[in-house]
Amino acid sequence: QVQLVESGGGLVEAGSSLTLSCTSSGRTFSNNGVGWFRQAPGKEREFVAGISWNGGDTLITDSVKGRFAISRDRNKHTVFLQMNSLKSEDTGVYYCAASLRASAGSASSGYRYWGQGTQVTVSS
């Protein structure tokens with residue numbers, strides 16, 4: 001069982017930066033693709049970014065491309081989401097998820113383990 005814990009969320013002003021962390025415990029996700037998703041109030045959960053097991057491949061959704069970056073430290077069993085130039089529309093609960101595969105796609109159905117989420121609120 002892979003257990004995921006997100007951290008790093010908070011309340012920031014538009015234009016600010018935040019770095020979210022997702023750390024695994026139990027059976028770690030070192031050999032799994034990991035993704036970040038978010039859910040804004042009243043909206044469906046959407047894919048934000050994903051990274052393959054070794055960090056060699058990343059996928060970033062168009063709405064945050066150029067502002068967000070995903071990376072991982074396999075030794076620390078942690079995946080990061082660096083968020084720059086935050087906008088009010090980036091507000092939501094951010095979840096990390098671990099895939100059963102080495103790659104990380106954009107479909108939530110491809111992820112088996114989910115964290116509890118961390119709130120990001122961007123004030124304009």
Side-chain angles (χ1 to χ4, degrees):
Q1 184 80 4
V2 177
Q3 296 169 330
L4 305 177
V5 178
E6 304 95 336
S7 62
L11 171 62
V12 296
E13 294 183 349
S16 300
S17 297
L18 276 176
T19 300
L20 305 184
S21 299
C22 172
T23 302
S24 66
S25 61
R27 188 171 72 83
T28 66
F29 57 26
S30 297
N31 297 321
N32 303 82
V34 175
W36 283 98
F37 291 77
R38 67 185 180 188
Q39 187 166 20
K43 294 190 176 181
E44 302 256 327
R45 187 176 298 185
E46 64 172 350
F47 173 80
V48 177
I51 189 166
S52 62
W53 72 281
N54 63 352
D57 291 307
T58 61
L59 183 64
I60 308 288
T61 197
D62 286 345
S63 62
V64 305
K65 200 167 288 183
R67 299 189 296 120
F68 289 15
I70 187 169
S71 61
R72 69 189 302 165
D73 184 332
R74 296 182 73 231
N75 291 329
K76 295 183 178 179
H77 310 302
T78 300
V79 172
F80 304 98
L81 183 67
Q82 174 68 44
M83 306 186 295
N84 300 320
S85 303
L86 283 162
K87 304 176 181 180
S88 57
E89 51 262 44
D90 295 318
T91 293
V93 178
Y94 283 69
Y95 301 89
C96 72
S99 171
L100 288 176
R101 302 190 297 183
S103 59
S106 61
S108 60
S109 59
Y111 294 84
R112 174 66 177 85
Y113 304 101
W114 293 81
Q116 294 299 306
T118 185
Q119 177 70 45
V120 172
T121 303
V122 184
S123 63
S124 56

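Here, residue 1 is the first one in the sequence, and each next residue gets the next number.
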Would you indicate whether the side-chain heavy atoms of Glu89 and Val122 approach each other to under 4.5 Å? no
Side-chain touch Arg38/Leu20, heavy atoms, less than 4.5 angstrom: no
Find out whether Cys22 and Phe29 are in side-chain contact, i.e. whether some heavy atom of one side chain is under 4.5 Å from a heavy atom of the other. yes
Does a side-chain heavy-atom distance below 4.5 Å link Ser103 with Asp57? no
Can a side-chain donor-acceptor contact be found between Asn32 and Ser99 if the only test is distance below 3.5 angstrom? no
So do the side chains of Glu6 and Tyr94 get within less than 4.5 Å of each other, counting heavy atoms only? no
Indicate whether any N or O donor in one side chain lies under 3.5 Å from an N or O acceptor in the other, for Asn54 and Arg72. no
Hey, are the side chains of Arg74 and Asn31 touching, using non-hydrogen atoms and a 4.5 Å cut-off? yes
Arg112 side chain vs Leu100 backbone, donor-acceptor pair below 3.5 Å: no
May I ask you to check whether Glu13 and Ser123 show a side-chain donor-acceptor distance below 3.5 Å? no
Answer yes or no: is there a side-chain heavy-atom contact under 4.5 Å between Trp36 and Met83? no
Considering only NZ, NE, NH1 and NH2 on the basic side and carboxylate oxygens on the acidic side, decide whether Lys87 and Asp90 come within less than 4.0 Å. no
Side chains of Ser17 and Gln82: closer than 4.5 Å at any heavy-atom pair? yes
Can you tell me how the ring of Trp114 sits relative to the ring of Phe37, calling it parallel under 30°, perpendicular over 60° and tilted otherwise? tilted
Give a yes-or-no answer on whether the side chains of Thr78 and Thr23 include a donor-acceptor pair shorter than 3.5 Å. yes
